[in-house]
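To start, the structure under review is shown below, and the notes come after it.
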Amino acid sequence: MPMKTVNYNNALEASPENLAQSAASKARVWTSPKWPMIIICIAGAALFALLLAMNSASLGGRKIIHITCCYDAPSYFSTGHALLFHHSFDLSSEFEAVGQPFEGWSSIVPATGRPASVFAIGYSLLEIPFLAVGTGLDALTHHPADGYSTYALTAYYGANILFVTIALLCLYRLLYELGGQLDISQESRVWVPLFVVLAMLPATSLGYYAFSPLPHVAGFMMLSIFFLTWWRIRNSNSWWRWALLGVLGGLTALCRWQDAVYLAAPPLCELLHLYKTRRIPENASVAKWLGVRALYCCVGLLTLTPQLIEWKAIFGHYLLVPQGPGFFQFPPRFVPQVLFSTQHGWFLWTPVTLICIIGLLMAWNRVEGYLVPWALILFAEIALMGAQPTDWHGYESFSIRSLTCSLAVAGVGLAMFLWLMPKKILPLLCVVVAFCALYSTVFAAQYRLDLIPKNDRLLSTELVHDKLYMRQAYARSRSAQRGEALIKKGNAAGATVSLNKSLAQYGDDRALLKALAEAYAADGNTAAAEETRERLAKLLDKRLF
């Protein structure tokens, strides 16, 4: 009779104790923050691949990677380029190279003879290393090593992808550590923050400006780093840690001058904590406690020095409002427009931000009340936008782009909303957030493809109907472009026939009617041109808030 052999190793592995240990080990792997952070890095690599793909596809008939006028993007790029190549704040040669007109906010300043740049310097400083590396690659590949060539611009744009990836990693760590202060499961503490940071990309202006040569994601990165660092050192009385926090706060302000208000958040948190506890931390004397916080304030203000030097070099003054008097008017009368207008309104274009604000309000007294000052500063940012009578909408802006940096605080609100709502409806809430992401992504496509006006209130068809029928909206836009092309070629009569046919097919549309009025005027039919303009005016009277 054959003898049975026993594999004692397998028997040992199959014992209840080892099975339990194996299950616990697997659980530790999937409840570790390591995997979500790896996923965020993969998402960053995917964003860079998407940047190259969209640039190759020339969406909207133009390359993604390019610097064009007017004002914002050329000014940021030109400042970094001028500092790298000729160590000067004279942007004259850069403006000529990128086609920036010497007018408006770029006019020659009489006091210095230099063209103006009214924008914050921080983003330009952060971009200098990337511009230098790209220029070096251009030199190695026999492209002109002038800072305007292929690799220089690709590195310049690629920096934003790196900035947003770093920001999401920091925001994830912040949310993970905040979650440790709540009565939630480890799984929720790990995976809800990942859902939040990945949802923020398509559901807010963050994803759109990750592909734009503008400072918004750099500001988002600096505020995320600043917020995370403060959270980790808030109970410390280390001189160097609070000095580092001051540097990070100053860099945040240098990226977007509006974000200087966030420098007030840590002191407000300290005052709130002091009010609640009636005492300073036990490991510090009153003198040291005050000295460390005073050091933070001094270092934060000192870090703003590069901005003051630039203003002195360009405008002849260290302190000023570069946009001129009247740029701010208080009280902030345009807050409703900032939030709800069809002209870039924050809640309307990116509705997930409304959920974020609700979450901040729900968490008002959670996490020892530490979130209250940060929420108040975010509300102050909104008020600051509402105090700009001529610029509350950000001109050519997807949503309210100036609030993109504040998404670091808004993201905390979204995580708190998901954590504090009943667990049984969490899947439904995630579906709602995903719908917001889809809605804002379609909005971004409309904006990128020029299917809606860049700086005007929208019609109901543009706000709702065209999102459901993007192909029809795109065909209508192409029809208007073909009509304008015929006018430029001198075939105004052909343009009127083509545009009237399109209006009969698609109905009244602002771009078609505008082009048709131009066609009639070019063809000498003044009466028909005036009638079409009146038709356009009646259509525009139906614009929403």
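Side chains included, hydrogens not; waters and symmetry mates left out as well; all remaining heavy atoms used. The chain is numbered in sequence order, starting from 1.
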Over 60° means perpendicular and under 30° means parallel, so tell me whether [X] and [Y] are parallel, tilted or perpendicular.
| X | Y | value |
| --- | --- | --- |
| Trp364 | Phe379 | parallel |
| His344 | Trp349 | perpendicular |
| Phe226 | Tyr296 | parallel |

To the closest 0.5 Å, what do you measure between [atom1] ([X]) and [atom2] ([Y])?
| X | Y | atom1 | atom2 | answer |
| --- | --- | --- | --- | --- |
| Leu304 | Leu251 | CG | CG | 9.0 Å |
| Cys356 | Leu407 | SG | CG | 7.5 Å |
| Tyr176 | Met37 | OH | CE | 10.5 Å |
| Leu50 | Asn55 | CG | CG | 11.0 Å |
| Leu153 | Ile64 | CG | CD1 | 13.0 Å |
| Leu137 | Thr141 | CG | OG1 | 6.5 Å |

- [ ] Please check if atom CZ in Arg234 has more than 12 non-hydrogen atoms from other residues, nucleotides or ligands closer than 6.0 Å.
- [x] yes
Does any non-hydrogen side-chain atom of [Y] lie less than 4.5 Å from one of [X]?
| X | Y | result |
| --- | --- | --- |
| Leu414 | Ile355 | yes |
| Val409 | Phe227 | yes |
| Leu201 | Leu168 | yes |
| Glu270 | Arg293 | yes |
| Thr135 | Phe130 | no |
| Leu272 | Lys276 | yes |
| Asp146 | Ser149 | yes |
| Met362 | Trp419 | no |

Okay, side chain of [X], backbone of [Y]: is any donor-acceptor separation there less than 3.5 Å?
| X | Y | answer |
| --- | --- | --- |
| Ser188 | Ile184 | no |
| His317 | Leu319 | no |
| Ser106 | Phe102 | no |
| Asp138 | Ala152 | yes |
| Tyr172 | Ile40 | no |
| Thr353 | Trp346 | yes |
| Trp105 | Phe119 | no |
| Thr112 | Ile314 | yes |
| His216 | Leu214 | no |
| Ser107 | Gly104 | yes |

What's the shortest heavy-atom distance between [X] and [Y], and which atoms?
| X | Y | result |
| --- | --- | --- |
| Thr79 | Ser124 | CB-OG, 3.5 Å |
| Gln337 | Arg333 | OE1-O, 3.8 Å |
| Ile161 | Gly44 | CG2-O, 3.3 Å |
| Val433 | Ala199 | CG1-CB, 3.8 Å |
| Ser399 | Gly345 | OG-O, 4.3 Å |
| Ala387 | Pro332 | N-CB, 3.7 Å |

What do you reckon, are the aromatic ring centroids of [X] and [Y] less than 6.0 Å apart?
| X | Y | result |
| --- | --- | --- |
| Tyr447 | Tyr208 | yes |
| Phe443 | Tyr439 | yes |
| Phe77 | Tyr156 | yes |
| His143 | Tyr151 | yes |
| His273 | Tyr275 | no |
| Trp231 | Trp374 | no |

- [ ] Take His393 and Tyr395 through the test side chain to side chain contact (heavy atoms under 4.5 Å, CB included) and record every step on the way to the result.
- [x] CA-CA 6 Å; His393 42 69; Tyr395 286 95; 4.1 Å; yes
Open item on the list: Could you tell me if Thr350 and Ser440 have a donor-acceptor pair between their side chains, going purely by distance under 3.5 Å?
Closed with: no
Task: Short side-chain donor-acceptor distance under 3.5 Å, Gln343 and Asn455 - done: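 Judged by distance alone, the side chains do pair up.
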- [ ] Decide side chain to side chain donor-acceptor pair (under 3.5 Å) for Tyr262 and Ser406; before the verdict, give the C-alpha distance in whole Å, the side-chain angles of both, and the deciding distance to 0.1 Å.
- [x] CA-CA 9 Å; Tyr262 279 107; Ser406 295; 2.9 Å; yes
- [ ] Answer yes when Glu177 and Arg232 have at least one side-chain N-carboxylate O distance shorter than 4.0 Å, and no when they do not.
- [x]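 The answer is yes: the pair qualifies as a salt bridge.
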- [ ] Indicate yes or no: does Asp72 engage Arg401 in a salt bridge with an N to O separation below 4.0 Å.
- [x]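 A salt bridge is present here (some side-chain N lies under 4.0 Å from a carboxylate O).
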Open item on the list: Is there a side chain to side chain donor-acceptor pair (under 3.5 Å) between Asp90 and Ser92? Walk through the geometry before answering.
Closed with: CA-CA 6 Å; Asp90 187 349; Ser92 301; 2.7 Å; yes
Open item on the list: side chain to side chain contact (heavy atoms under 4.5 Å, CB included) for Gln388 and Phe327? Distances and angles first, verdict last.
Closed with: CA-CA 6 Å; Gln388 299 175 34; Phe327 187 67; 3.4 Å; yes
- [ ] Could you walk me through whether Tyr123 and Leu254 pass side chain to side chain contact (heavy atoms under 4.5 Å, CB included), step by step?
- [x] CA-CA 7 Å; Tyr123 177 58; Leu254 282 179; over 6 Å; no
TODO: Tell me whether the guanidinium CZ or amine NZ of Arg114 lies under 6.0 angstrom from the six-membered ring centre of Phe89 and within 45° of its axis.
DONE: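 No.
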Open item on the list: Evaluate Val98 against Ser78 for side chain to side chain contact (heavy atoms under 4.5 Å, CB included), listing each step before the verdict.
Closed with: CA-CA 8 Å; Val98 300; Ser78 296; 4.2 Å; yes
Task: ring pair (Phe, Tyr, Trp, His ring centres under 6.0 Å) between Trp257 and Phe328, intermediate numbers included - done: CA-CA 13 Å; Trp257 52 261; Phe328 293 105; 5.5 Å; yes
Open item on the list: One pair to check against side chain to side chain donor-acceptor pair (under 3.5 Å): Arg256 and Ser402. What are the steps and the verdict?
Closed with: CA-CA 8 Å; Arg256 294 285 300 163; Ser402 294; 2.8 Å; yes
TODO: List the steps, then state whether side chain to side chain donor-acceptor pair (under 3.5 Å) holds for His81 with Glu127.
DONE: CA-CA 9 Å; His81 189 281; Glu127 281 281 14; over 6 Å; no
